[in-house]
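Predicted model, so just to flag it, every value in this text is computed and none were measured. Numbering of ligands and ligand atoms starts at 1, following listing order. Computation of the quantities below employed the complete heavy-atom set of this structure, encompassing side-chain atoms and omitting hydrogens, waters and symmetry-equivalent molecules.
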Amino acid sequence: MVQSKYLTGDSAAINEFLDKFDVFLFDCDGVLWSGDRLFEGTVETLELLRSKGKRVVFVTNNSTKSRQDYQKKLTGMGIPSEVEEIFASAYSSAIYISRILKLPEPRNKVFVLGESGIEQELRTENISFIGGTDPSLRRDITPADFAGLADGSMLDSDVGIVLAGLDFHVNYLKLAMAYQYLRRGAVFLATNLDSTLPMSHTFFPGAGSISVPLVNMTGQKPTALGKPSQAMMDAIEGKFRLDRARTCMVGDRLDTDIQFGIEGGLGGTLAVLTGVSKKEQWEAEDAAFVPAYYVDKLSDLRGASS
Ligand SMILES: O=C(O)[C@H](O)[C@H](O)COP(=O)(O)O
Ligand SMILES: [Mg+2]
């Protein structure tokens with residue numbers, strides 16, 4: 001059975017681990033921070049890696065923010081970054097729609113379940129959309145809505161895609177609209193399928209839990225563009241000419257981050273215990289993915305001799 005090597009407190013093992021890699025792909029929620037609370041030692045740990053000449057790339061499934069929003073958040077937390085070093089699921093979804101799916105106009109409009117991060121990235125790719133943060137949809141469904149959805153008079157005939165991400169304002173009306181578009185043949189996409197969002201030392205509904213009602217109603221599974229989909233890995237490799245053998249994925253979730261790194265053929269994966277997954281999960285006999293290494297928290301890497 002594959003064993004995960006515990007690095008916390010073992011400076012020789014930490015040095016050996018760091019020497020194996022030139023690039024570190026960092027998940028964000030549950031690794032760097034919990035919501036807006038930065039984990040202690042995160043800034044110093046990233047500074048240590050950069051001082052050793054390591055490239056740091058941020059790879060998040062959280063679709064509520066655009067890459068620009070993330071750059072502002074990182075900078076505000078004392079972590080300098082370039083937009084080019086940030087890959088988020090809203091960005092990879094917009095790229096997929098505009099450059100891979102490429103539905104013929106005008107049927108390439110998107111009905112969005114999600115927040116402004118998705119809207120900003122769709123705008124950047126000149127993709128038209130409705131829904132999302134539209135305040136007119138943040139209300140109870142009415143008898144007129146039932147009638148308008150049934151006869152289609154309330155639907156936009158140019159919508160050819162439903163994109164479901166993390167939506168803090170999801171409601172019955174929006175799910176009903178998304179479902180009607182899917183019944184009419186719209187392509188079903190999801191930014192990511194994380195079941196939960198780690199926040200404030202507990203968990204909240206994740207993006208995957210927003211799209212589940214639509215899966216239940218249609219019997220269809222969406223194409224998901226975040227981790228563990230390799231769409232983001234290919235984009236990162238293309239941008240930075242990665243040597244995958246010298247690249248390590250750092251994450252808190254087995255079925256996104258660690259799976260993403262393993263299926264991407266990276267040289268290694270490092271799990272942290274400050275987010276979703278627990279070590280009992282990868283120590284289980286039937287564990288599907290086992291991180292090559294793990295630490296209690298990211299800042300344990302500072303145990304390396306500088
Ligand atoms: O529900 C979600 O979208 C995810 O839990 C969350 O945002 C994951 O973000 P990551 O850990 O990939 O930064
Ligand atoms: Mg995470």
Side-chain angles (χ1 to χ4, degrees), residues 24-39 42 46 56-67 69-71 73-74 77 79 81 85-93 112-119 121 132 163-170 189-215 222 224-233 235-236 248-261 263-264 269-278 281-282 289 291 294-298:
F24 288 86
L25 309 184
F26 276 101
D27 172 48
C28 300
D29 287 345
V31 174
L32 306 179
W33 56 58
S34 173
D36 290 330
R37 187 178 60 79
L38 190 68
F39 292 138
T42 297
L46 296 178
V56 168
V57 181
F58 302 99
V59 189
T60 176
N61 271 2
N62 189 312
S63 61
T64 61
K65 289 181 173 62
S66 66
R67 295 184 300 159
D69 291 337
Y70 269 111
Q71 189 197 20
K73 178 170 182 175
L74 285 160
M77 288 186 155
I79 303 169
S81 66
E85 293 171 322
I86 300 167
F87 289 78
S89 60
Y91 170 64
S92 61
S93 300
V112 176
L113 283 176
E115 300 294 337
S116 76
I118 296 177
E119 296 174 329
E121 297 292 3
L163 175 60
L166 184 52
D167 187 334
F168 295 123
H169 306 87
V170 66
L189 303 178
T191 58
N192 58 302
L193 297 176
D194 296 58
S195 55
T196 56
L197 169 68
M199 180 90 87
S200 313
H201 305 295
T202 182
F203 301 99
F204 294 87
S209 300
I210 299 299
S211 54
V212 156
L214 299 174
V215 174
L225 285 312
K227 300 167 288 186
S229 152
Q230 292 300 311
M232 277 218 267
M233 187 72 78
I236 298 164
C248 180
M249 178 71 204
V250 183
D252 68 294
R253 194 175 190 123
L254 283 184
D255 63 356
T256 55
D257 308 315
I258 304 306
Q259 180 176 346
F260 179 67
E263 292 183 340
T269 51
L270 172 73
V272 297
L273 296 174
T274 46
V276 172
S277 293
K278 301 294 169 227
Q281 288 173 272
W282 64 74
F289 299 98
Y294 75 100
V295 286
D296 293 340
K297 55 195 185 306
L298 180 64

Exercise. Of the options T60, V59, T42, L46, which is the one that meets F26 in a side chain to side chain contact (heavy atoms under 4.5 Å, CB included)?
Worked result: L46

Problem set entry | Name of whichever N/O/S atom of D27 is nearest to the Mg ion (ligand 2) | OD2

For this session: Report the C-alpha separation of D29 and M199 in whole Å, then their side-chain angles, then the decisive distance to 0.1 Å, and conclude whether the side-chain contact (heavy atoms from CB on, under 4.5 Å) test is met.
Result: CA-CA 8 Å; D29 287 345; M199 180 90 87; over 6 Å; no

Seminar exercise, completed: NZ of K227 to CG of D255, rounded to nearest 0.5 Å, is 10.5 Å

For this session: Return yes or no for this condition: an N or O of S63 is under 3.5 Å from an N or O of ligand 1.
Result: no

For this session: Could you tell me if any non-hydrogen atom of V276 lies under 4.0 Å from any atom of ligand 1?
Result: no

Exercise. Near the Mg ion (ligand 2), is there an N/O/S atom from D252 that is less than 2.8 Å away?
Worked result: yes

Exercise. Can you find a heavy atom in the side chain of R253 that is under 4.5 Å from one in the side chain of S195?
Worked result: yes

Exercise. Is the shortest side-chain N to carboxylate O distance from D36 to K73 below 4.0 Å?
Worked result: yes

Exercise. Quick one: are T191 and L163 in side-chain contact, heavy atoms under 4.5 Å?
Worked result: yes

Seminar exercise, completed: Interatomic distance, CD@E115 vs CG@D167, rounded to 0.5 Å, equals 5.0 Å

For this session: Show which atoms of ligand 1 fall inside a sub-4.0 Å distance from at least one heavy-atom site of C28.
Result: 13 (O)

Problem set entry | ligand 1 atoms in contact with G206 (distance to a heavy atom under 4.0 Å) | 1 (O)

For this session: Note the single closest protein heavy atom to atom 1 (O) of ligand 1, along with its residue, its atom name and the distance in Å.
Result: A207 N, 2.8 Å

For this session: Please identify which atoms of ligand 1 are closer than 4.0 Å to at least one heavy atom of L197.
Result: 5 (O), 6 (C), 7 (O)

Problem set entry | Minimum-distance protein heavy atom relative to atom 11 (O) of ligand 1 | D27 OD1, 2.8 Å

Exercise. Is the closest heavy-atom distance from R253 to ligand 1 below 4.0 Å?
Worked result: no

Seminar exercise, completed: Here the gap from Q230 atom CD to S92 atom OG, rounded to the nearest 0.5 Å, amounts to 11.5 Å

Problem set entry | D29 atom (N/O/S) at minimal separation from the Mg ion (ligand 2) | O

Exercise. When only distance counts, is D257 in polar contact with ligand 1, meaning an N/O pair under 3.5 Å?
Worked result: no

Problem set entry | Top protein contact for atom 9 (O) of ligand 1, by heavy-atom distance | D29 OD2, 3.2 Å

Seminar exercise, completed: In this structure, atom 5 (O) of ligand 1 is nearest to the protein heavy atom T196 O, 2.7 Å

For this session: Name the option, out of L166, L193, I210, T60, that contains the heavy atom nearest to atom 13 (O) of ligand 1.
Result: T60

Exercise. In the protein, what heavy atom is nearest to atom 3 (O) of ligand 1, and what distance, to one decimal place, separates them?
Worked result: N192 ND2, 3.0 Å

